[in-house]
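We name chains A, B, ... by the order of the sequence lines, and we start the count at 1 in each one.
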Amino acid sequence: MGFGFDVFLQTGLLDFYGKVGELGLARRVFDEMPERDVVARNAMVAALGMNGFLSDARKLFDEMSERTSSSWNTMITCYCKLGDVEAARRIFDYNPMKNVVSWNAMIDGYCKSNQLMLARELFDRAGDLKNAVTWNTMISGYVQYREFGKAISTFQQMQAENVKPTEATMVSLLSACAHLGALDMGNWIHTYIRRQNFKIDVFLGNALVDMYCKCGNMDAALDVFRSLTKRNAYCWSSVIVGLAMHGYGEEAIATFDQMHKEGVKPDHVTFIGLLSACSHSGLVIEGRKYFSEMFEVYRVEPGIEHYSCMVDLLGRAGLLQEALELIKSMPVSANAAVWGSLLRACRIHKDAKLSEQVTDQLLKLDPYDGGNYVFLSNVYASLNRWDEVEICRNLMAEKGVHKTPGCSLIEVDNVVHEFMAGDAAHPQFAQISAFLDDVDKKLKVLGHVPDMESVLHDIDKEEKESAVRYHSERIAVAFGIMSTPRGKPIRVVKNLRACSDCHTVMKLMSKLFTRDIFVRDRNRFHHFRDGSCSCKDYW
DNA sequence: TTAGGGTTAG
């Protein structure tokens, strides 16, 4: 008995070392084992493969006189994790002991290598063999590639086939809701979680917190957060990012201090949240302090996103020179996002001279770099340099880069409706359009003059006006007001930043219709109420 | 005791 128990313990230790990346220690345990059964060999194959020694893993696997289904599945997983999905597929096809784990590992391998079609093909071929993990793999694959609608429809299919969802299913679905801003569905999932008595661990807890933050219900997010018995850096970061998005700068800082007190180490995402919180609330002194502490105290290396937050913070506060100095001191060269932050600040503070200088810097960026096309084209357009705009657009077409079209989402009666800028595809578009015309007339009476600054197309004034009116968030909000009961808050998610004219119109609409309007743009939440916005026009 | 699914930002 004693002998067998030793092997049992040693195998556990070997597995542990393999999983925490201590391959040397794993090897030593393996070499010193008096008896190596198939379980120990499987664990060693996994330890080698997962730590990058695929050929050693393969050699050990090939030498095994006896194999279990785990042996085969370990090889499939190792090949997938190291990016050789074709090799994994060859093992999968050849595997004489194929079981549901083999299918799941292979489907996940396709998902993780951005081959969703192949994943779905296998998923469909798996037929009745599928278990909850198979479904979860497919659903999380869709969420990872931002196919949120497909994730939800796959979940509905899972329910139709009477497969019981698990905590992992809920985590993926909540992530989809967070991205879509689908609060009603998120609430439904939370209720479902309670009814099923699912265990709310750090994964599920964080998914709930994040969903409530991103869907604009900060109170519910904090309720869940406070109820968690265990919180990791993800949970803290989600709350801090959430508070930042809602413009609660002081609260974000207090939360960060609490995180520090509880001994949870912040990561780079935590600092993105913290610094953007300072930025949204104009907390310059605090922002400077945390930026310098992030490496000195917390050993988190500032990345370009953190510099971007700081440029934004300093720029908004009118410290344009300091922002410029910071850009010059960056260890990596600035990208369009960083220069763009400074350019926005120049516009707010009406510094034409620096604006010109920054524009020059922007124009020096590589036009062949995909990320720069759109920004450059807008800069040229603002200077009325239409030839260059044309060149940028042609380059974009040539390279197959397309400008991200403005897109807004709104959930009405458990259905997420999607609107693109100037989009006439929605079945109720005629009514929406008439409604917006009517709103326009009312706003003109109130003295609203459309601001065309953010419509950078070489078109005449009248066309510009209609292009503004049909920005996606405006269509979505109009649709929301038309299709929901009086007094119900409107919640819209937009993929880009709100333009200044839409921002003004939203304020007026919140007063005109006595509605709370929440718009989550790329940067933060705007809560429009009674003619003003929670961002205090500072965004 | 060995094999498969889950979270923050971009």
Whole-Å gap separating [atom2] ([N]) and [atom1] ([X]):
| X | N | atom1 | atom2 | value |
| --- | --- | --- | --- | --- |
| A:His268 | B:dG10 | NE2 | C1' | 10 Å |
| A:Lys164 | B:dG5 | NZ | C1' | 15 Å |
| A:Ile91 | B:dA3 | CD1 | P | 16 Å |
| A:Arg41 | B:dT2 | CZ | P | 18 Å |
| A:Lys19 | B:dG4 | NZ | C1' | 12 Å |
| A:Asn73 | B:dA3 | CG | C1' | 5 Å |
| A:Phe30 | B:dT2 | CZ | P | 15 Å |
| A:Leu14 | B:dA3 | CG | C1' | 14 Å |

Taking only side-chain nitrogens and oxygens of [X], does any of them come within less than 4.0 Å of OP1 or OP2 of [N]?
| X | N | result |
| --- | --- | --- |
| A:Thr270 | B:dA9 | no |
| A:Lys112 | B:dG6 | yes |
| A:Ser140 | B:dG5 | no |

What nucleic acid atoms does [X] come within less than 4.0 Å of, heavy atoms only: base, sugar-phosphate, or nothing?
| X | answer |
| --- | --- |
| A:Lys130 | nothing |
| A:Val38 | nothing |
| A:Lys98 | nothing |
| A:Ser102 | nothing |
| A:Thr74 | sugar-phosphate |

State plainly whether the residues [X] and [Y] are in salt-bridge range, i.e. N to O under 4.0 Å.
| X | Y | value |
| --- | --- | --- |
| A:Glu262 | A:Arg231 | yes |
| A:Asp31 | A:Arg27 | no |
| A:Lys112 | A:Asp108 | yes |

A:Asn73 and A:Ser102: side-chain donor and acceptor closer than 3.5 Å? yes

Aromatic-base stack, A:Phe8 on B:dT1, cutoff 5.5 Å, angle under 30: no

Can you tell me whether the side chain of [X] and the base of [N] have a donor-acceptor pair closer than 3.5 Å?
| X | N | result |
| --- | --- | --- |
| A:Asn206 | B:dG6 | no |
| A:Asn99 | B:dA3 | yes |
| A:Asn131 | B:dG4 | yes |

Aromatic plane relationship, A:His246 with A:Phe525 - under 30° parallel, 30 to 60° tilted, over 60° perpendicular: parallel

